Amino acid sequence: MTSEGEVRATLKKQLWSIANILRGRMNADEYKVYILAFIFYKYLSEKFERYANQVLQHFGGKRPYVDLRGEEDILGTVKYLVKSALGFELEPYELFSYIVKKGKGEISGTDTFILEDVRAAFNKIEQSAMGGVAEHAYVGLFDDVDLNSTKLGKYPKDRNRIVVEVLNKLAEIDFHIDEAESDVLGNAYEYLIGEFASEAGKKGGEFYTPAQVSKLLAKLVTVNLQPDKDGKKRIHKAYDPTCGSGSLLLKLKQETEVVDFYGQELNPTTYNLARMNMLLHDIPPANFHIAQGDTLEDDQFPDLKADVIVANPPFSAKWRSDDNPLFKDDPRFALYGVLAPKSYADYAFVTHMLYHLQENGYMAVVLPHGTLFRGGREYKIRRYLIEKANVIDAII
């Protein structure tokens, strides 16, 4: 019997091999968008198809969902029930399994050109979620996937060939979505994000915190958690104001139960990665709240008070501290008498997080070395944190 560790290792190797198809055509920061989006599409499609087939079987259906093309009465009922559970829908001809067969020439009466089919499937996932409780989870997820990019190929037929090759490779891989308690795919997805971050070099730090660092932060904020009335240790609200791909938040889940995840991310591509990452780790849309925007300029969770906060903000980022008079009266920054300097936003992120922390909450943050000794405004904020607020337990 194959262990979960062996399954995970095999899956990582298989998924990483697919990246080789796009290597050389574009850099890691670009091809990660395609690879991760295709993986996510296969996952959502297989999840939808599996659920749809269970619904059909329950009502005595003789054929699988993919073979119900044209049977609108049955299709309407099945799509309604599955969408109620998953938050989105797909037509039989928009399923990953159908499009792969079409690309291979196995669907009679069709050609093997699938780029428009893939884009239509992406659009259906997003559009069908609009107006529903899962809208925040799906809308805009595939915005960055340009299937007409000349980096995929000079001509449409070349781009189609590449996409067919990638989807065929993915079709050979078992995502183990039938194993409800397994997080194999989510872990493999995070592994890929880490590998892409390594290839992207310094730029990779914008969307991924190394696993060892994430694990340390997760342990620091959970080691002293007090049990609830039922005797269980859990985090009710976890928050990362610069969440990247969500890896720091998800690492908390390995230490203890987390009820709700909150995150904000400036980069729209990385914001999409974070939402995909949540869904691939089987976090229900109702339990994660990932927003896109500048955390300091446009706080999307102004009333949030979190039990636990973890973050790896962009080191020494610039911000408009001296250009926005509203910051001086902003409750996130007003206590300290001065604003973090416009060339070093590190303490702006720190005080933002402290404002959003519950009175008895725990917070762990990664900062550049200069925050320990730089003078001027940072000295004043640092002194306040130590002498008046007394909120610093340890510096590692």
Side-chain angles (χ1 to χ4, degrees), residues 205-207 209 213-214 217 220-221 235-249 252 260-267 270-271 274 288-368 370-372 374 376-386 388-395:
E206 295 177 6
F207 60 86
T209 300
V213 178
S214 298
L217 267 61
L220 287 172
V221 295
I235 298 168
H236 292 274
K237 294 179 181 179
Y239 176 48
D240 182 346
T242 57
C243 69
S245 60
S247 60
L248 265 176
L249 283 171
L252 294 170
D260 284 303
F261 297 86
Y262 292 82
Q264 186 163 339
E265 171 55 37
L266 175 61
N267 185 295
T270 309
Y271 158 66
F288 72 83
H289 318 272
I290 307 295
Q292 197 261 320
D294 187 316
T295 291
L296 300 180
E297 292 274 346
D298 183 22
D299 184 1
Q300 293 288 306
F301 306 105
D303 300 320
L304 174 66
K305 294 295 181 181
D307 310 300
V308 160
I309 298 177
V310 287
N312 180 12
F315 284 6
S316 302
K318 292 179 172 57
W319 72 307
R320 298 194 309 133
S321 60
D322 297 339
D323 303 325
N324 188 342
L326 296 177
F327 281 146
K328 291 181 180 178
D329 298 319
D330 190 311
R332 297 174 295 166
F333 315 120
L335 275 178
Y336 306 92
V338 293
L339 295 172
K342 63 182 180 181
S343 296
Y344 300 100
D346 306 296
Y347 276 111
F349 285 114
V350 169
T351 60
H352 165 91
M353 289 184 274
L354 286 169
Y355 174 78
H356 283 292
L357 190 65
Q358 293 262 32
E359 187 176 342
N360 297 317
Y362 298 95
M363 171 178 141
V365 56
V366 181
L367 295 171
T371 56
L372 296 176
R374 286 194 295 251
R377 299 184 195 179
E378 291 183 294
Y379 167 78
K380 292 179 180 178
I381 297 172
R382 187 167 62 240
R383 186 165 184 172
Y384 188 102
L385 293 175
I386 295 169
K388 292 186 178 180
N390 190 27
V391 292
I392 299 174
D393 288 332
I395 296 170

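Residue numbers run from 1 in the order of the sequence given. In this text the structure is predicted, and so the values were computed from the model without any measurement.
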Checklist entry - Does the separation of the ring centres of Trp319 and Phe333 fall below 6.0 angstrom? => result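 Centroid separation for Trp319 and Phe333: below 6.0 Å.
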Item to check | Ring centroid separation Tyr239 to His356 under 6.0 Å | outcome: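 Centroid distance Tyr239-His356: below 6.0 Å, so yes.
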Do [X] and [Y] come within less than 4.5 Å of each other through their side chains, counting heavy atoms only?
X      : Y      : answer
Tyr271 : Leu266 : no
Tyr336 : Lys380 : no
Met363 : Leu354 : yes
Leu252 : Val221 : yes
Phe349 : Leu296 : yes
Gln264 : Ile290 : no
Asn390 : Ile386 : no
Tyr362 : Asp307 : no

So, taking the atom named [atom1] in [X] and the one named [atom2] in [Y], what distance separates them when rounded to the nearest 0.5 Å?
X      : Y      : atom1 : atom2 : result
Tyr262 : Asp260 : OH    : CG    : 4.5 Å
Arg320 : Leu326 : CZ    : CG    : 9.0 Å
Ile392 : Leu385 : CD1   : CG    : 5.0 Å

Next on the checklist: Determine whether Phe261 and His289 satisfy the following criterion, side chain to side chain contact (heavy atoms under 4.5 Å, CB included), listing intermediate values before the conclusion.
Outcome noted: CA-CA 6 Å; Phe261 297 86; His289 318 272; 6.0 Å; no
Checklist entry - Does a donor on one side chain sit under 3.5 Å from an acceptor on the other, for Glu265 and Asn267? => result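 No - no donor-acceptor pair under 3.5 Å links their side chains.
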If only atom types and distance count, is the side chain of [X] paired as donor or acceptor with the main-chain N or O of [Y] below 3.5 Å?
X      : Y      : value
Asp346 : Ser316 : yes
Thr371 : Leu367 : no
Thr270 : Ser245 : no
Gln300 : Thr295 : no
Thr209 : Asn312 : no

Tell me the closest heavy-atom pair linking [X] and [Y], and the distance in Å.
X      : Y      : answer
Ile309 : Pro241 : CG2-CD, 4.2 Å
Leu249 : Cys243 : CD1-CB, 4.3 Å
Ala334 : Lys328 : CB-O, 3.5 Å
Phe327 : Ser321 : CD1-CA, 3.9 Å
Ala340 : Ile381 : N-CD1, 3.8 Å
Val365 : Pro313 : CG2-CD, 3.7 Å

Next on the checklist: With a 6.0 Å cut-off (strictly less than), is the heavy-atom count around OH of Tyr344, excluding the residue itself, greater than 12?
Outcome noted: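 Incorrect, the count does not exceed 12.
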Next on the checklist: Is it the case that atom NZ in Lys305 sees more than 12 heavy atoms from other parts of the structure closer than 6.0 Å?
Outcome noted: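 Enclosed: over 12 neighbouring heavy atoms sit under 6.0 Å from NZ of Lys305.
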Item to check | Charged N-O contact under 4.0 Å between Asp322 and Arg377 | outcome: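 Salt bridge between Asp322 and Arg377, a charged N being under 4.0 Å from a carboxylate O: yes.
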Item to check | Lys/Arg N to Asp/Glu carboxylate O, Glu378 vs Arg382, below 4.0 Å | outcome: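 Looking at Arg382 together with Glu378, the answer is no, because their closest N to O distance does not fall below 4.0 Å.
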Can you list every salt bridge (Lys or Arg N to Asp or Glu O under 4.0 Å) pair that touches [range], not counting sequence neighbours?
range            : answer
residues 237-248 : none
residues 357-366 : none
residues 330-344 : Asp330-Arg332

